[in-house]
Amino acid sequence: MTAVVRGRAPHPGPWQTARVTGIRRETPTAKSFTLTLSEPRAFWPGQHMIVRLTAPDGYRAQRSYSIASAPSGAAELDLTVELLPDGEVSRFLHDAVEVGDVLDVRGPIGGHFAWDLRPALGVAGGSGIVPLMSMLRHARALGEPDLFRLVVSVRGPEDLYYAAEVRGPETSIAFTRAVPDGYARPPGRLTAEDLAAALDPDRELYVCGSTAFCDAATRLAETAGVPTGRIRVERFGVTG
Amino acid sequence: MALTRGFSGRSRGPQDTRLPPGQYDAGAAWPVLHVESTPSIDTARWTFEVDGLVDTPVRWSWEEIRALPGSRYEGAIHCVTTWSKFGMRFDGVSVDTLLDIAGVGADAAFALARSHTGYTTNLPLDDLTGGKAWVVWDVDGEPLQDIHGGPARLLVPHLYFWKSAKWVSGLTLLAEDRQGFWERNGYHDHGDPWREQRYQGDR
């Protein structure tokens, strides 16, 4: 048995520099960036980092991006960045940043959504998979894949992040619009049945995605009898 | 720190002096960020209390608090996730009005705000008094939606917006600072956006 991690998720250190040591395309609108930190920091799955860009006139823009890789003790971590319409920072990262570039970063941030290794179920909508992928990778790396199960809701196969890696006995994927050839589940929104297959009474729930997705998934889980206090939610994106 | 190779930022005029450092103008969007499932709170069961170091603990019902003299805030709000939003109009009651009714105790120096969801956040009492804080139920003339903290939320617009507790249910006045939810999770005890007090350790 892996012991539950005691204490609190690590707090952010000061700003530091990180070198981009790898860039990988996940989907047409998502890229993962491997950063090598100048000052390695411990983190828990579910935490995020801030990336700050500075222009010659002093103008700055900073955004938070979830860590996708598992804690390893190494100086490297992966951030997956979704390209947002009119996204000042995500557009720059996607279009201009190359391996070898140096970025200002700070973190890890966030304690509430950090995973303490209690048996959990992640429920991801689209890009909301990123922090949950850190949890999945961590459970697998610990040799206890059933510690973390994952249900992903995504429009179609080309929208699935980490497609080659995510599939496994502890994960299930609900395609909402288009399914791969031969896929048993017909396309459609996440249902109570999708969750029920992965739920058991003692699991913590980590829900991440758009506000609409999070509210829908939370209602499904509450209807299935999961106590509200056991559901943690991280909302991505904006509403009008 | 270092310049970012190739970064000039989106086209812009002179730096907007209304924006605290590190913030951007969210325009018409009002981003939503909270960690609980969104509750739906019936105003028939809604209450708001002021307790702790006060002369008389007071509890208001929905009808009672709305019968108090109204107060309006017009201006900006700033979220620690770096968006700011201008030209907001909130209507509710000034926290000064609520504290005057309860009577602030001589030793009170801090407050812990709490929500119907169990969320908490801590503030120095000075940041809640002097016309700087409200309990609000209307935004731009419409009832506050539940995703934005309706039926009523705390509004402390000169601090980062996590201090403006959604679904607010009360204030406890304290002699010493007691950390709330995000503050225990690494966020700053004060949270002044003009000083970029985002995280524990920021000055």
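The shown structure was predicted, so the numbers you read here are calculated from the model rather than taken from an experiment. Chain A is the first sequence line, chain B the second, and so forth, proteins listed ahead of strands; every chain is numbered from 1.
For the atom pair B:Thr82 OG1 and A:Ile50 CD1, the distance stands at 9.0 Å (nearest 0.5 Å). The structure places CZ of A:Phe113 at 13.0 Å from CG of B:Asn185, a figure rounded to the nearest 0.5 Å. To the nearest 0.5 Å, atoms OG1 (B:Thr81) and CZ (A:Arg235) are separated by 13.0 Å. Note that CZ of B:Arg5 and CG of A:Leu103 are 9.5 Å apart. Values are rounded to the nearest 0.5 Å.
By number of non-hydrogen pairs under 4.5 angstrom with chain B, the leading residue of A:Val102, A:Ile109, A:Thr218, A:Val89 is A:Ile109. The most heavy-atom pairs under 4.5 Å with chain B, out of A:Ile231, A:Asp215, A:Val207, come from A:Asp215.
The part of B:Arg198 that comes within reach of chain A is its side chain, from C-beta onward, which places non-hydrogen atoms under 4.5 angstrom from that chain. Heavy-atom distances place the backbone of A:Ala96, and not its side chain, under 4.5 Å from chain B. Of the atoms belonging to A:Arg91, not a single heavy atom falls under 4.5 Å from chain B. In this structure, the portions of A:Glu98 lying under 4.5 Å from any heavy atom of chain B include both its backbone and its side chain. Neither the backbone nor the side chain of B:Trp83 comes within less than 4.5 Å of any heavy atom of chain A.
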Side chain to side chain contact (heavy atoms under 4.5 Å, CB included) assessment of B:Tyr24 paired with A:Arg63: CA-CA 10 Å; B:Tyr24 72 97; A:Arg63 299 290 184 276; 3.6 Å; yes
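Residue A:Pro56 comes nearest to B:Phe7 through the heavy atom pair CD-O, 3.3 Å, listed as atom of the first residue, atom of the second, then distance. A:Arg52 and B:Thr4 get closest at one heavy-atom pair: O-OG1, 4.0 Å. Heavy atoms only, all atoms of each residue included: A:Tyr59 and B:Ser8 are closest at CD2-O, 4.4 Å.
The 12-atom threshold is exceeded at CZ of B:Arg72, counting heavy atoms of other residues, nucleotides or ligands nearer than 6.0 Å. Residue-environment remark: CZ (B:Arg89) exceeds the threshold of 12 foreign heavy atoms within 6.0 Å. Around the CZ atom of B:Arg66, the shell of radius 6.0 Å holds more than 12 heavy atoms that belong to other residues, nucleotides or ligands.
With contacts defined as side-chain heavy-atom distances shorter than 4.5 Å, the pair B:Gln23/A:Gln62 does not qualify. For the pair A:His112/B:Phe181, a side-chain contact is recorded, criterion being any heavy-atom separation below 4.5 Å from C-beta on.
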